[in-house]
Amino acid sequence: SVYHVFESVAKKYDIMNDSMSLGIHRLWKDTLLHQMNPYPGTQLLDVAGGTETNAGDIAFRFINYIRSQWDHQIRQKLKSHQNLSWQEISKSYQQEENELPGGSQVVVCDINKEMLKIGKQKAQHLGYSEGLSWVVGNAEELPFIDNKFDVYTIAFGIRNVTHIDQALQEAYRVLKPGGRFLCLEFSQVNNPLISRLYDLYSFQVIPVLGEIIAGDWKSYQYLVESIRCFPAQEEFKAMIEDTGFLKVEYQNLTSGIVAIHSGFKL
Ligand SMILES: C[S@@+](CC[C@H](N)C(=O)[O-])C[C@H]1O[C@@H](n2cnc3c(N)ncnc32)[C@H](O)[C@@H]1O
């Protein structure tokens, strides 16, 4: 099963992900955060957010983003009120303890508790703790109440879910009205030349790398195949719309090797 594939590659996944995407997945994730553009107070659910050193990739970026938004807001405020006393200035910097700015929270959810454990350790190591929690759960049956989150993200995760339509329904359910669904996933390359190169790379190089780095040809061949089986941009967009999301759009990154799909619960 998919679950076992991930178990077997978990330990080497970080190296693989970096070598497979040549590190570009970091830029793709940065782009996802810029699209999200969260503000202090945003409540985020990141599904399938586990996985070795990629665990928390979205959550940590989110926290950094919220903090820099907060700093920016303070600087703007100080600029527009030139003659504040230092008490007033220091007050504007004050923030609730044990909280992210504005009470933002991010919940990382993954079906695999081992992956979450690694994420927790990594968070501790990097000094992320406020407003961050880790929950074991299945994307197809999320352990959260309705209308809870402002944003739902799933990065390189929905492809591995057995019933994609069910995962989409669950995303819809846990989002607040006005909430946003954002999905970063491998998609279909639209440029014929790049498509040829990409095929060569995927089928000739990745399984070889998988064998060399992780001693596991089959899992990586599976990963490559699962990427090809995943619905293309327009088809996935239609599935998101069928769930009830509105204003559904997508942005291709790197010639469509990946795409960010976005939709709103309105
Ligand atoms: C390729 S990793 C994605 C890691 C991370 N989001 C990233 O962007 O690098 C896929 C993750 O999906 C998780 N996963 C697979 N099926 C799932 C499901 N039904 N519900 C929740 N998580 C799932 C796996 O445990 C694994 O940690």
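Numbering of ligands and ligand atoms starts at 1, following listing order. Quick note: residue numbers are just sequence positions, from 1. Computed from a predicted model, the values in this text were never measured in an experiment.
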Colleague: Distance alone, cut at 3.5 Å: any donor-acceptor contact between the side chains of Tyr250 and Glu234?
Modeller: yes
Colleague: Does an N or O anywhere in Gly157 fall below 3.5 Å from an N or O of ligand 1?
Modeller: no
Colleague: Exactly one of Arg61, Arg180, Met36, Gln35 should register a side-chain contact (heavy atoms from CB on, under 4.5 Å) with Thr153. Which one does?
Modeller: Met36
Colleague: Taking only heavy atoms of Ala48, which atoms of ligand 1 are found under 4.0 Å from at least one of them?
Modeller: 3 (C), 4 (C), 5 (C), 6 (N), 11 (C), 12 (O), 13 (C), 22 (N)
Colleague: Of all heavy-atom pairs between Tyr220 and Asp216, which one has the smallest distance, and what is that distance?
Modeller: CD1-O, 3.1 Å
Colleague: Out of Met115, Lys29, His25, Arg159, who gets a non-hydrogen atom closest to atom 9 (O) of ligand 1?
Modeller: Lys29
Colleague: When you compare the side chain of Leu33 with that of Pro38, does any pair of heavy atoms fall below 4.5 Å?
Modeller: yes
Colleague: What's the shortest heavy-atom distance between Leu142 and Val47, and which atoms?
Modeller: CD2-CG2, 4.1 Å
Colleague: Work out whether the distance between some heavy atom of Cys109 and some atom of ligand 1 is less than 4.0 Å.
Modeller: no
Colleague: List every atom of ligand 1 that sits less than 4.0 Å from any heavy atom of Asn54, numbering the atoms from 1 in the order shown and giving each element.
Modeller: 9 (O)
Colleague: Out of Asp110, Asn112, Asn138, whose heavy atom is nearest to atom 19 (N) of ligand 1?
Modeller: Asn138
Colleague: Of all the atoms in ligand 1, which lie at a distance below 4.0 Å from a heavy atom belonging to Phe156?
Modeller: 1 (C), 2 (S), 3 (C), 8 (O), 10 (C)
Colleague: Would you mind listing which atoms of ligand 1 come within a distance below 4.0 Å of any non-hydrogen atom of Gly137?
Modeller: 20 (N), 21 (C)
Colleague: If you define the side chain from C-beta out and look only at heavy atoms, does anything of Val106 sit under 4.5 Å from Phe60?
Modeller: no
